[in-house]
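So the structure is just underneath, and the comments pick up after that.
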There are 2 protein chains.
Amino acid sequence: MPRKQPKPVQRKPRTDALRNRERILEIAKQAFTRFGAEASLDDIARQAGVGPGTLYRHFPTRDALIEAVYRSEVEKMAAAANKLAGELPPLDALRAWMLLFVDHIAAKQIIAPALNSIVGGASKLYEGSRGQIQEAIDILVKRAIKSGDLRRDLDGFDLLRALIGVSHVPVGPDWRQSARRLVDILIAGSRRG
Amino acid sequence: MPRKQPKPVQRKPRTDALRNRERILEIAKQAFTRFGAEASLDDIARQAGVGPGTLYRHFPTRDALIEAVYRSEVEKMAAAANKLAGELPPLDALRAWMLLFVDHIAAKQIIAPALNSIVGGASKLYEGSRGQIQEAIDILVKRAIKSGDLRRDLDGFDLLRALIGVSHVPVGPDWRQSARRLVDILIAGSRRG
DNA sequence: ACTAAAACGGAGAGCGTCTCCGCATGAGTA
DNA sequence: TACTCATGCGGAGACGCTCTCCGTTTTAGT
């Protein structure tokens, strides 16, 4: 009998690793906001005071970094869905969430390509975030279908795609109004016919 | 008195120039379809049998090339709008055009980022194509408003954005169905309330 | 045929991505 | 505290892409 089992150790992650991870995320957030999703990763690493190797170890792909940066936003949207579902009538809740979604995006225009990656990304990496957002809108849609407000054949994902489209096309000053109009159209068109 | 005026010459463009331009467009079309809007321009040049310099002289920016490649598609969409407007009742024409739009895009999935550039692009270069597409949908929307089928506050551009959104998010096998569902929703939501 | 304008195309500067691996550091242990 | 080795660091460098510059070639016009 071995006295020391191979120890399924899960050593505490090193503090410098954690520190670096945070630094990178912080800088990346700024960089993506300033320069869009194309920001130079080596630049981010440099500004964060780490080597490129470190950045790539933490986030193997650009997409992984993007997802990490926006993960908290995604989680906020998911939380909001639950909250709204508990507070408002089905249809109002859905409308409120959709408006929240576009507002949220309008606030940080740059998020759009990122979101696109998250929702559409083929990579397994996104499964998590995509799942969360999809779940969020599904909760609201299903509830509104059950209550009889919406057509039975409605798919939340379709709405999501339309929303992303709106946020994707860069646009002038009437951004917000345009977005609201579209949400109205989508909701109106989603009602039980 | 100068015997020879500076001759406002408009020399016939050299045949090799034209030939190269066509070659580049042809290859670029294939490349964008295969690899998306990120396809390597030097590669395109190489395959077209010209130097990078030649490609860049004809199309100073990647966007310029993209627009040139898809210009004919844009023109097709514009022509279709006119044709449909003359053949179908207002609402049917609009629906048909929207379906055509997504089908057209579904066929060459890769077109989406390009379209995005064309519609949203800040650069003056796009003015032409954007104008054409916007005009196309506006014709149909305005007609349907006039006939009383659609809400008066509808903006064709809003619909366009939604459509682009749909085409933008890469998606699996149910692409087409999803697109049709969304068109239905948009049309239903656009009716006079 | 001749010539000047037009177009070509490739070498190369510059930037970005991403990997590899020798070295530094800090978590566990006594 | 001292030791040790897994863990993490970071920079050098290979590679690919974009875009420019400029000497050479080609062609339209005469």
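Chain identifiers are assigned alphabetically (A, B, ...) following the order of the sequence lines, protein sequences preceding nucleic acid strands; residue numbering begins at 1 within each chain. Treat the numbers as computed from the prediction; the structure is a model and nothing was measured.
- We find that CG of Leu65(A) is positioned 13 Å from C1' of dT17(C), with the value rounded to whole Å.
- Rounded to whole angstrom, the span from the CZ atom of Phe59(B) across to the C1' atom of dA7(C) amounts to 14 Å.
- Between the P atom of dC20(C) and the CG atom of Leu55(A) lies a distance of 17 Å, rounded to the nearest Å.
- For Asp92(A), the salt bridge (Lys or Arg N to Asp or Glu O under 4.0 Å) test picks out no residue, with sequence neighbours left out.
- In this structure, CD1 of Ile66(B) is placed 11 Å from P of dT18(D), rounded to the nearest angstrom.
- Contact between the side-chain N/O atoms of Thr15(B) and the OP1/OP2 oxygens of dT27(D) is not found at any separation under 4.0 Å.
- By the side-chain hydrogen bond (donor to acceptor under 3.5 Å, both in side chains) test, Arg14(A) pairs with Asp16(A), sequence neighbours left out.
- Going from atom CD of Glu38(A) over to atom P of dC15(C) covers 17 Å, rounded to whole Å.
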Sequence neighbours left out, cut at 3.5 Å: what donor-acceptor pairs do the side chains of residues 182-193 of chain B make with other protein atoms?
unit_1, atom_1, unit_2, atom_2, d
Asp184(B), OD1, Arg95(B), NH2, 3.4
Ser190(B), OG, Leu186(B), O, 2.5
Arg192(B), NE, Gly148(B), O, 3.2

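- At a threshold of 4.0 angstrom between heavy atoms, the contacts of Ala39(A) are confined to the sugar-phosphate backbone, with no base atom among them.
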Practice item. Could you run through nucleotides 6-16 of chain D and give me one letter per nucleotide, 5' to 3': B if any protein heavy atom sits under 4.0 Å from the base, S if only the sugar-phosphate is that close, - if neither? Key: SBSBBBB----
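- A straight line from CD1 of Ile44(B) to C1' of dC19(D) spans 14 Å, rounded to a whole angstrom.
- Judged purely by atom type and a 3.5 angstrom limit, Arg143(B) uses its side chain to pair as donor or acceptor with the backbone of Ala85(B).
- For Asp43(B), the salt bridge (Lys or Arg N to Asp or Glu O under 4.0 Å) test picks out Arg46(B), with sequence neighbours left out.
- For the pair Asp63(A) CG and dC18(C) P, the computed distance is 10 Å after rounding to whole Å.
- With sequence neighbours left out, Asp138(B) forms a side-chain hydrogen bond (donor to acceptor under 3.5 Å, both in side chains) with no residue at all.
- Counting to the nearest Å, the P atom of dC18(C) and the CG atom of Asp43(A) are 14 Å from each other.
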